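Contents: one structure, followed by commentary.
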Amino acid sequence: MAIPTRTLGRTSPLTVSALGLGCMGMSEFYGGPDEAGGTATIRRALDLGVTFLDTADAYGPFTNERLLGRALAGRRDEVQVATKFGNERLPDGTRVGVNGRPEYVRSACDASLSRLGVDHIDLYYQHRVDRTVPIEETVGAMKELVEAGKVRHLGLSEASAATIRRAHAVHPITALQSEYSLFCRDVEDEVLPTLRELGIGLVPYSPLGRGLLTATRTEGPVGPGRSAVAFPWFADDNLDHNLRLVARVRALAEGRGCTPGQLALAWVLAQGPDVVPIPGTKRVRYLEENVATLDVTLSTADLAALERAVPRGAVAGQRYADMSSVDG
């Protein structure tokens, strides 16, 4: 199938495949690293026409960018590479904290370029907002990277509407990456209207509710720091409640002849042509299932049924136990 494209951003537009691929789980979390599976998935994605690939220096840490760089050997011109800085980690995985200092921005970019084996990054995000550094200083350093030809477009992640406005005044922001799904709709209050006013695209991560909306996960994410304690959706009574919501999605999906995950992903895609979700996987079969979602068109009645099945605010528990890294 030919995958359609969507454009992120008006002032600094970047055209990407309508569905992206999140690469994090290939190197860390969700069962641990799988370079062979990840590499095969990335290459299959390119063959299918998925060209928008998402990573970060923090994933691994550092190993995910290297994996992506190796997988793209000889095919760099086919893709739009997005990576992130700001969640500073040591090689042993120790978390240092959020870092938005200009000198760190510059050094982090050079390190990412080296690990990816590319001469420019298509979309460079600040992974989390550093509240100790004015956003104008951080984005000012990112702007310098654009002027130097090291970066083509700028992005933010989990930023508030006020921060987005201040950043966009320094240099056009092409996209905001934030969690968005049937289970997580906070961005609809202030952030999404701000993005549309300013002409900034939205790149939802975890569009399948951290796997819950596939109706195949009945326990929390696995791996260090990924327990139900860290992700309250998966805690005890919360999980029982949330799985009942998932059962409603499954019933609707059966009526549509698609999987629950495809129906949930189709809902995200239906939220606007400026929305490009990046479901993550390290398995070719799940990638192919996600890509097939592009054949699922939701009617007004379908969307209304999903709203009734999973009303906004119906999910039990916060998405993170510690929400301090989310710019408020």
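Reckoned from all heavy atoms, side chains included, excluding hydrogens, waters and symmetry mates. Remember, it's a predicted structure, so these values are computed and weren't measured experimentally.
- One N or O on the side chain of K84 and one on the backbone of T55 form a donor-acceptor pair closer than 3.5 Å.
- Within the 4.5 Å cutoff, the side chain of S299 has heavy atoms near those of the D302 side chain.
- Looking at residues two or more places apart in sequence or on another chain, you find a side-chain contact (heavy atoms from CB on, under 4.5 Å) between E78 and L46, R75.
- Of the candidates D57, T83, L68, T63, D57 is the only one forming a side chain to side chain contact (heavy atoms under 4.5 Å, CB included) with R115.
- Counting non-hydrogen atoms of other residues, nucleotides and ligands closer than 6.0 Å to CG of D240 gives a total above 12.
- Side chain of N64 to main chain of C23: a donor-acceptor pair is present (N/O by atom type, distance under 3.5 Å, no hydrogens or angles).
- One finds a salt bridge joining D34 and R283 here, because a Lys/Arg side-chain nitrogen approaches an Asp/Glu carboxylate oxygen to under 4.0 Å.
- In this structure, CG on L14 lies 11.0 Å from CG on L154, to the nearest 0.5 angstrom.
- Qualifying salt bridge (charged side-chain N to carboxylate O under 4.0 Å, His left out) partners for D110, counting only residues two or more places apart in sequence or in other chains: K150.
- A distance of 4.5 Å separates CG in L263 from CG in L306, rounded to the nearest 0.5 Å.
- Residues passing the side-chain contact (heavy atoms from CB on, under 4.5 Å) test with A316, sequence neighbours excluded: N238, H241, N242.
- If you take CZ on F183 and CG on L213, they are separated by 4.5 Å, rounding to the nearest 0.5 Å.
- One N or O on the side chain of S157 and one on the backbone of Q177 form a donor-acceptor pair closer than 3.5 Å.
- Within the 3.5 Å criterion, the main-chain N or O of A58 finds a donor-acceptor partner in the side chain of R89.
- Atom CG of D237 has 12 or fewer neighbouring heavy atoms from other residues, nucleotides or ligands inside a 6.0 Å radius.
- Heavy atoms of other residues, nucleotides or ligands lying less than 6.0 angstrom from CD of E190 number 12 at most.
- Among residues at least two apart or in separate chains, side-chain hydrogen bond (donor to acceptor under 3.5 Å, both in side chains) pairs with a member in residues 12-21 are T7-T15, S12-H153, S12-T174.
- In this structure T11 satisfies the side-chain contact (heavy atoms from CB on, under 4.5 Å) test together with H168, P172, sequence neighbours excluded.
- Listed by first and then second residue, the ring-ring contact (aromatic ring centres under 6.0 Å, His included) pairs that reach into residues 57-85 are Y59-H127, F85-Y124, sequence neighbours excluded.
- Applying the side chain to side chain donor-acceptor pair (under 3.5 Å) rule to E35 yields the partners R70; only residues at least two apart in sequence or on another chain are considered.
- Checked by atom type and distance alone, the side chain of E136 never pairs as donor or acceptor with a backbone atom of V170 at under 3.5 Å.
- A donor-acceptor pair is defined here as one N or O able to donate and one able to accept, closer than 3.5 Å; such a pair exists between the side chain of T138 and the backbone of G100.
- Listed by chain and number, the residues in a side-chain contact (heavy atoms from CB on, under 4.5 Å) with T41 are L21, M26, T281, V284, L287 (sequence neighbours excluded).
- In this structure, the side chain of R76 engages the main chain of V79 through a donor-acceptor pair within 3.5 Å.
- For residues 313-323, the pairs satisfying salt bridge (charged side-chain N to carboxylate O under 4.0 Å, His left out) are E158-R319, E179-R319, with sequence neighbours left out.
- Taken from CG in L298 to OG1 in T293, the straight-line distance is 9.5 Å, to the nearest 0.5 Å.
- Proximity of a side-chain donor or acceptor of R256 to a complementary backbone N or O of T297 within less than 3.5 Å is detected.
- Contact check for S112 versus I121: side-chain heavy atoms found under the 4.5 Å cut-off.
- Of the possible polar contacts, one joining the R6 side chain to the V275 backbone as a donor-acceptor pair under 3.5 Å is found.
- The shortest non-hydrogen separation linking V203 to A175 is CG2-CB, 4.0 Å.
- Applying the ring-ring contact (aromatic ring centres under 6.0 Å, His included) test to pairs two or more places apart or on separate chains, none has a residue in residues 6-25.
- Checking side-chain atoms of S114 against main-chain N and O of A111 turns up no donor-acceptor pair under 3.5 Å.
- Once rounded to the nearest 0.5 Å, the distance linking CG of N99 with CZ of R128 reads 14.5 Å.
- Within the structure, ring-ring contact (aromatic ring centres under 6.0 Å, His included) contacts touching residues 247-290 (residues at least two apart or in different chains) are Y180-W267.
- The heavy-atom pair separating P207 from V268 by the smallest distance is O-CG2, 4.0 Å.
- One finds the NZ atom of K282 at 11.0 Å from the CG atom of L67 (value rounded to the nearest 0.5 Å).
- Taking 4.0 Å as the cut-off between side-chain N and carboxylate O, E307 and R185 count as a salt-bridged pair.
- Not counting sequence neighbours, the partners of R101 by the side chain to side chain donor-acceptor pair (under 3.5 Å) test are E103.
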